[in-house]
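All remarks here apply to the structure that follows.
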There are 2 protein chains.
Amino acid sequence: MAEDAITDGTTGGAETCCTPPGDVDSDAMATDLQVLTAMGNDTRYELLRRISNADDGVCVCDLEAAVGVSQSAVSQALSRLYTAGLVTRRKEGSWRYYEPTETTAALLETLDELRGAHE
Amino acid sequence: MAEDAITDGTTGGAETCCTPPGDVDSDAMATDLQVLTAMGNDTRYELLRRISNADDGVCVCDLEAAVGVSQSAVSQALSRLYTAGLVTRRKEGSWRYYEPTETTAALLETLDELRGAHE
DNA sequence: GAAACATATTAGTGCTCACTTGTATAAGCT
DNA sequence: AGCTTATACAAGTGAGCACTAATATGTTTC
């Protein structure tokens, strides 16, 4: 069922209003959606911003106080960000430090540019 | 292009495990979240991709068949994308043509680059 | 080993959201 | 005028999600 639009496109006489669009790469879609849905949430977005603003990696204990949800919620949010490839985490003693990945940096920068330079 | 980087009002004598992060610009956060949540959905993402792939603007009638949800759902999705500033729409006769905005183009391009860049 | 701290995991729950169905508006066609 | 097509809007509903609370795991210090 890869090829479509063969059935009645030419002979049926049904005039289409515009060019039918091509398919979407489903692998890319899955990857992008994981990133977008991970970022597209108040708590996780703010965590990402705070992690990105700090130069040296942020631990959960600080983030917890900042975003106003429970420790458990912060942990879950960070876990999700990690799974989506938006943060790295390193363990140091009993603390865990989170740092932004290139994906996070690039997307936040793009968003910043778009906000700053609207036409 | 230095960021605002509001200094937090932490009155600290307490020892923390790392540097406390600064605050997040809530205006920027609201704007970015509207964009991210609008893109972060299967149907809307695919609509955006299809709209972006077409050179000349796409009308709802074609999109409807492509994404596999009802006409009403497509209309609602496009409305949301429009509200979020991700597409423009122009009316031509009884059809409506949607085209990507700069925001959409920039974000999809960033996502493409990120996917292609790492191993 | 026990207690205190730091983070993760599990279970349960209210709320949001994306969909479907039905209806409304508006433009072409006969 | 009616009929058909193209899109939008409104109401209702099921599923997923983000939270809290409780518990578990791991680390440091006594």
Side-chain angles (χ1 to χ4, degrees), chain A residues 8 12-20 29-30 33-48 50-51 57-84 86-99, chain B residues 14-18 20 29-30 33-48 50-51 57-84 86-99:
Chain A
D8 50 359
E15 188 97 21
T16 55
C17 54
C18 54
T19 57
M29 175 165 157
L33 273 174
Q34 200 185 20
V35 169
L36 291 169
T37 55
M39 291 188 76
N41 168 265
D42 281 50
T43 300
R44 292 193 297 269
Y45 176 91
E46 185 163 5
L47 288 175
L48 266 190
R50 289 180 181 278
I51 291 171
V58 185
C59 70
V60 184
C61 56
D62 283 329
L63 294 170
E64 187 183 336
V67 297
V69 293
S70 72
Q71 173 268 319
S72 178
V74 172
S75 179
Q76 293 174 58
L78 289 171
S79 234
R80 171 116 184 232
L81 291 175
Y82 177 73
T83 301
L86 292 170
V87 296
T88 63
R89 56 180 172 192
R90 70 172 200 274
K91 200 169 185 179
E92 197 165 306
S94 58
W95 291 299
R96 244 190 180 155
Y97 292 88
Y98 287 83
E99 288 176 68
Chain B
E15 186 86 27
T16 54
C17 55
C18 54
M29 176 165 156
L33 273 175
Q34 198 184 22
V35 169
L36 291 168
T37 54
M39 289 188 78
N41 166 267
D42 281 51
T43 299
R44 291 192 297 267
Y45 176 91
E46 186 164 3
L47 288 175
L48 266 190
R50 288 181 182 277
I51 290 172
V58 184
C59 70
V60 184
C61 58
D62 283 331
L63 294 170
E64 188 183 335
V67 296
V69 292
S70 72
Q71 174 268 322
S72 178
V74 172
S75 179
Q76 293 174 54
L78 289 172
S79 236
R80 171 118 184 230
L81 291 175
Y82 177 73
T83 300
L86 292 170
V87 295
T88 62
R89 56 180 172 191
R90 70 171 198 275
K91 198 166 186 181
E92 196 165 305
S94 57
W95 293 298
R96 251 202 173 140
Y97 291 88
Y98 287 83
E99 289 176 69

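If you're wondering where the values come from, they're calculated on a predicted model, not measured in any experiment. So that the names make sense, note that chain A is the first sequence line, chain B the second, and so on, each numbered from 1.
Inter-residue side-chain proximity for B/Leu63 and B/Ile51 is flagged as met; some heavy-atom pair is nearer than 4.5 Å.
Taking the side chain of A/Val60 as heavy atoms from C-beta on, and the options D/dC19, C/dC19, C/dT7, the nearest nucleotide is C/dT7. Here the nucleotide nearest the side chain of B/Arg96, chosen from D/dT7, C/dT7, C/dA8, is D/dT7. Ranking C/dA8, D/dC9, D/dA6 by closeness to the B/Ser79 side chain, first place goes to D/dC9. Among C/dT20, D/dT7, D/dC19, the nucleotide with an atom closest to any side-chain atom of A/Val69 is D/dC19.
Shown here are the side chain to side chain donor-acceptor pair (under 3.5 Å) partners of A/Glu99, two or more places apart in sequence or in another chain: A/Arg90. By the salt bridge (Lys or Arg N to Asp or Glu O under 4.0 Å) test, A/Glu46 pairs with A/Arg50, sequence neighbours left out. Not a single side chain to side chain donor-acceptor pair (under 3.5 Å) links A/Ser75 to another residue, sequence neighbours left out. With sequence neighbours excluded, the residues satisfying side chain to side chain contact (heavy atoms under 4.5 Å, CB included) with B/Ser72 are B/Ser70, B/Gln76. Among residues two or more places apart in sequence or in another chain, the side chain to side chain contact (heavy atoms under 4.5 Å, CB included) test is passed with B/Leu33 by A/Asp42, A/Tyr45, B/Met29. With sequence neighbours excluded, no residue forms a side chain to side chain donor-acceptor pair (under 3.5 Å) with A/Arg96. The side chain to side chain donor-acceptor pair (under 3.5 Å) search around A/Gln71 returns none, not counting sequence neighbours.
A rotation axis mapping the C1' atoms of four pairs onto the next four is fitted at both ends of the helix from C/dG1-D/dC30 to C/dT30-D/dA1 over five pairs, and the angle between these axes is 20° to 10 degrees.
Taking atom CZ on A/Arg89 and atom P on D/dG26, their separation rounds to 14 Å, with Å as the unit. Taking atom CZ on B/Arg80 and atom P on D/dC9, their separation rounds to 15 Å, with Å as the unit. For A/Gln34 and D/dG16, the CD to C1' distance is 16 Å, given to the nearest whole Å. When rounded to the nearest whole Å, the span between CZ of A/Arg90 and C1' of C/dA8 equals 19 Å. Spacing between atom CG of A/Leu36 and atom P of C/dA18 amounts to 13 Å, rounded to whole angstrom units. Between the CG atom of B/Leu78 and the C1' atom of C/dC19 there is a distance of 15 Å, rounded to whole Å. Across the protein-nucleic acid pair, B/Tyr82 atom OH and D/dC9 atom C1' stand 16 Å apart, rounded to whole Å. Atom CD in A/Glu64 sits about 8 Å away from atom P in C/dT7, given to the nearest Å.
Remark: A/Asp62 CG to A/Tyr97 OH distance equals 8.5 Å, nearest 0.5 Å.
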When you compare the protein's N or O atoms with those of nucleotides 10-16 of chain C, which come within less than 3.5 Å of each other, and at what distance?
| unit_1 | atom_1 | unit_2 | atom_2 | d |
| --- | --- | --- | --- | --- |
| C/dT10 | O4 | A/Gln76 | NE2 | 3.4 |

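Listed by residue number, the members of residues 37-44 of chain B with any heavy atom below 4.0 angstrom from DNA chain D form an empty set.
No hydrogens or angles were tested; on distance alone, nothing pairs the side chain of A/Gln71 with the base of C/dA6 as donor and acceptor under 3.5 Å.
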> For nucleotides 25-30 of chain C, read 5' to 3', which letter fits each nucleotide if B means a protein heavy atom sits under 4.0 Å from the base, S means only the sugar-phosphate is that close, and - means neither?
Replying inline: --SS--
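Closest approach of A/Val69 to A/Ala73, counting heavy atoms only: CG2-CB, 3.7 Å. Residues B/Leu36 and A/Gly40 come closest through the heavy atom pair CB-CA, 3.8 Å.
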Throw together a table of side-chain donor-acceptor distances under 3.5 angstrom for residues 77-84 of chain B, partners on residues two or more places apart or in other chains.
| unit_1 | atom_1 | unit_2 | atom_2 | d |
| --- | --- | --- | --- | --- |
| B/Arg80 | NH2 | B/Thr37 | OG1 | 3.4 |
| B/Thr83 | OG1 | B/Ser79 | O | 3.0 |

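OP1 or OP2 of C/dT20 sits under 4.0 Å from a side-chain N or O of B/Ser70.
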